[in-house]
Amino acid sequence: RATGPVSVELRCQHGGGGVCGRWHAKVAVDMPFGSYEGSPEQAFESAARVMKDSGCAAVKLEGGEAIAPTIEFLSKRGIPVIGELELASFFLKGDTIGITGANGKTTTTALTGHILKESGIACQVGGNIGTPPTALIGTSQAGQWNVLELSSFQLETIETLHARIGAALNVTPDHLDRHHTFDQYAAAKARLFTTQRPGDYAILNADDPTCVSYAALTPATPVWFSSPESSQRPITRGIFLDGAPIRLDGRGVSAARPC
C-alpha cells in the first residue's frame with residue numbers, strides 16, 4: 001500500500017549468553033514517510049510503525065545472529081516475519097525439490113541435481129548449498145526444477161513455499177541452541193511437508209520415527225525408503241534393500257553393489 005519505496009534495515013548485536021542484549025536499527029524511509037532517527041528503542045518503534053503502515057513484511061536473513069528477540073518484537077506489533085526462502089518462493093519459476101535432514105542433505109541435493117542434469121532434465125541447485133534461493137530467481141524457468149537443500153533455519157519461517165517433491169532423510173537432535181527443543185527442531189523441518197499439496201510427493205525415511213510422523217502431516221503422497229525392510233512397516237510404495245536386491249514398490253530392480 002506504500003506510495004513510495006520503503007527501506008528498513010534491522011541489526012542485532014549479541015549480548016551475553018548468545019542472546020541479543022542490545023538492538024540497533026537504521027531506518028531509511030523515502031518521502032512521504034520522512035526519515036527517523038533516535039535511540040535504538042525509538043528507531044525500532046519507528047521501523048515497526050512504518051512497516052505496518054506500509055503493509056511490509058520483515059525478511060529474516062541467515063547469518064548466525066541470535067535474532068529471536070527481534071522476531072518477537074516485530075511479531076507483537078503485527079508485522080509478518082518471513083525468511084529469504086519464503087521471499088524467493090514468491091518469484092521462483094518451475095517446480096521445486098526440497099531436501100532436508102540432519103545429515104546427508106548436501107550430498108543428496110548435489111547428487112539429485114547431477115542425476116537430473118545427466119538425464120537431460122533442466123535444473124538448478126542451491127538453497128543451503130552454494131547459491132542462496134533468491135539468487136536463483138533470475139535463472140529459474142518454467143519447466144525447470146529448483147533442487148534446494150533446506151535447513152531448519154530456512155524452513156521455520158515458510159508459509160507458502162511449495163515443494164512438488166519434498167524429502168526428509170533423517171531427523172536427529174541438532175541446532176538446539178536455536179530451536180531449544182527437539183520437538184521444535186522437528187516441527188521446523190515438518191513445514192516442508194505441511195505446505196505441500198495433493199498430487200505432490202513426500203520422500204520419507206521409513207526407519208526414522210520423526211520422518212514417519214511427517215506422513216500424517218502432509219497432503220502429499222508418501223514415498224518411503226529404507227535400508228532393511230521393516231516388519232513393522234512393510235514398504236509397498238518406495239525403495240528398500242532386501243538383502244542384496246534393491247526393491248522398488250516391492251519389485252526387485254537391481255542388485256545392491258558396494259560403493
Taking atom [atom1] of [X] and atom [atom2] of [Y], what is their separation to the nearest 0.5 Å?
X	Y	atom1	atom2	answer
Thr112	Ile121	OG1	CD1	11.0 Å
Ile79	Ser75	CD1	OG	8.5 Å
Leu204	Trp224	CG	CH2	5.0 Å
Gln196	Leu217	CD	CG	11.0 Å
His114	Thr109	NE2	OG1	14.5 Å

(Q) Between Leu169 and Asn103, does the side-chain contact (heavy atoms from CB on, under 4.5 Å) criterion hold? Intermediate values first, please. (A) CA-CA 7 Å; Leu169 308 181; Asn103 299 290; over 6 Å; no
Under the 3.5 angstrom rule, does the side chain of [X] hit a backbone N or O of [Y] as a donor-acceptor pair?
X	Y	result
Thr96	Gly98	no
Ser140	Lys93	yes
Lys117	Gly113	no
Arg197	Ala163	no
Tyr214	Ala186	yes
Asp208	Val171	yes
Thr139	Leu136	yes
Asn146	Ile97	no

Do [X] and [Y] have side chains that approach each other closer than 4.5 Å (heavy atoms only, starting at C-beta)?
X	Y	value
Leu148	Leu85	yes
Thr210	Phe182	yes
Asn205	Ser226	no
Ile99	Glu149	no
Leu150	Asn128	no

Q: Assess whether side-chain hydrogen bond (donor to acceptor under 3.5 Å, both in side chains) is satisfied between Thr157 and Glu86, documenting all intermediate values.
A: CA-CA 7 Å; Thr157 53; Glu86 178 77 354; over 6 Å; no
Q: Give a yes-or-no answer on whether the side chains of His162 and Asp200 include a donor-acceptor pair shorter than 3.5 Å.
A: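 Yes, because at least one side-chain N or O of His162 sits under 3.5 Å from a partner of the opposite role on Asp200.
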Q | Lys189 versus Thr100, side-chain donor and acceptor atoms under 3.5 Å | A | yes
(Q) Quick check: closest heavy atoms across Tyr185 and Thr172, and the distance to 0.1 Å? (A)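 Distance-wise, the nearest heavy atoms are CE2-O, 3.0 Å.
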Q) Can you name the closest pair of heavy atoms from Trp145 and Leu116 and give their distance? A) CB-CD1, 4.3 Å
Q. Does Phe193 have Arg191 sitting over its ring (NZ/CZ under 6.0 Å from centre, angle to axis within 45°)?
A. no
Q: Could you tell me whether Arg77 atom CZ has more than 12 heavy atoms of other residues or ligands within 6.0 Å of it?
A: yes
